[in-house]
There are 2 protein chains.
Amino acid sequence: MKNTKQKILVLDIVNNNRCHSNAEDIYNIARKTIPNISLGTVYRNLNSLVEEKHIKRIKMDDGIDRFDNMIYPHDHFICTKCNTIIDVDEVNHCDFKEISGNKVMSYEIYYKGICKNCLEEEK
Amino acid sequence: MKNTKQKILVLDIVNNNRCHSNAEDIYNIARKTIPNISLGTVYRNLNSLVEEKHIKRIKMDDGIDRFDNMIYPHDHFICTKCNTIIDVDEVNHCDFKEISGNKVMSYEIYYKGICKNCLEEEK
DNA sequence: CTCCTAACTAGTAATGATTACTAATTAAAG
DNA sequence: CTTTAATTAGTAATCATTACTAGTTAGGAG
């Protein structure tokens, strides 16, 4: 578990980015600080950080994973038209410990629909 | 919008399968009825059926999509150890129509943890 | 502060689920 | 029964992600 500058940078980018970037985006931002950082390194560190529960992976319908900070608990609204992700302050805190004998460690809510911007454009 | 026998078969397989199969599984089951059905045809029909909201796509961490019927409303528990998906009867029916100006059409809850079987094996 | 070594990285090649393509087939409307 | 646009089988291509390898480095022991 070495704390490399690459790993610290990746975590820092995810934590300071409010826009749910994908690996490629994070790679491009990271190159501004470490110009020869490798895309594979970004992927590997994103995977470690998800495993260590420092960041969250959001699986999108387009098949490209996005990554989000876990600084405060929140859910997500995903616009099915423009694919934007919008943070939703946790409204329903259901703290199940157990469902039918299965041990619940966490849960995620994904709201889907049309975002404010796309609704405007439809008019 | 043609109702081909391939599409009807794919829908039928998803609806009669309680185990959240992936495209490859569904392809293998489909071949028992239509031996020369193409894997591409299975993928295309799964995509159409998801778009038409006849079935649901479940995005897994291993990157392989699973498919589920929509006969009755339910959520999912995913075991992070063995990757099994377990149906959860809807416990929290929250019917938001709108969140911060964004129009909510649907929502999904994913519970994550360790399933009954894996808990047993840990002992 | 060195030395040591397991863990990590850069760069590149490989993987594999999914999609795209094309000639042939077919559902279904008139 | 025609007609035709949509669909299919079979195969090739795509591309996000992972694997691999020689070289580098974090950080603990001495």
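Side chains included, hydrogens not; waters and symmetry mates left out as well; all remaining heavy atoms used. Naming convention: chains lettered A, B, ... in sequence-line order (proteins, then strands); numbering from 1 in each chain.
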Taking every heavy atom of A:Met70 against every heavy atom of A:Lys53, the minimum-distance pair comes out as SD-O, 3.6 Å
Quick one: side chains of residues 59-66 of chain A, donor-acceptor pairs under 3.5 Å with protein atoms, not counting sequence neighbours, listed by atom name and distance.
from	atom 1	to	atom 2	distance (Å)
A:Lys59	NZ	A:Asp65	OD1	3.4
A:Lys59	NZ	A:Asp65	OD2	3.4
A:Lys59	NZ	B:Met60	O	3.4
A:Asp62	OD1	A:Ile64	N	2.9
A:Asp62	OD2	A:Asn83	ND2	3.3
A:Asp65	OD2	A:Arg57	NH1	2.9
A:Arg66	NH1	A:His20	O	3.1
A:Arg66	NH2	A:Asn83	O	3.0

Can you give me the N/O atom pairs linking the protein to nucleotides 5-7 of chain D at distances under 3.5 Å, or say none if there are none?
from	atom 1	to	atom 2	distance (Å)
D:dA6	N3	B:Lys2	NZ	3.0
D:dT7	OP1	B:Lys2	N	3.4

Between the side chain of B:Asp25 and the main-chain N/O of B:Asn22, is any donor-acceptor distance below 3.5 Å? yes
Find the distance [X]:[atom1] to [N]:[atom2] and express it as a whole number of Å.
X	N	atom1	atom2	value
A:Arg57	D:dT18	CZ	C1'	12 Å
B:Asn47	C:dA17	CG	C1'	12 Å
A:Leu46	D:dT18	CG	C1'	13 Å
B:Asp62	C:dT15	CG	C1'	15 Å
A:Ile8	C:dC8	CD1	C1'	13 Å
A:Leu39	D:dT17	CG	P	9 Å
A:Leu9	D:dA26	CG	P	14 Å
A:Tyr43	C:dT12	OH	C1'	15 Å

Please say yes or no: joined through hydrophobic side-chain contacts below 4.5 Å, possibly via intermediate residues, are A:Ile26 and A:Ile34 part of one cluster?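 In one cluster: yes.
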Between residues 12-37 of chain B and DNA chain D, which residues have a heavy-atom gap below 4.0 Å?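 Heavy-atom contacts with DNA chain D come from B:Asn36, B:Ile37.
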Pairwise distance [atom1]([X]) to [atom2]([Y]) - rounded to 0.5 angstrom:
X	Y	atom1	atom2	answer
A:Thr33	A:Ile13	OG1	CD1	6.0 Å
A:Cys79	A:Lys116	SG	NZ	13.0 Å
B:His76	B:Ile58	NE2	CD1	4.0 Å

Would you call the rings of B:Tyr107 and A:Tyr111 parallel, tilted or perpendicular, taking 30° and 60° as the class edges? tilted
Within a radius of less than 6.0 Å around NZ of A:Lys103, do more than 12 heavy atoms belonging to other residues, nucleotides or ligands occur? no
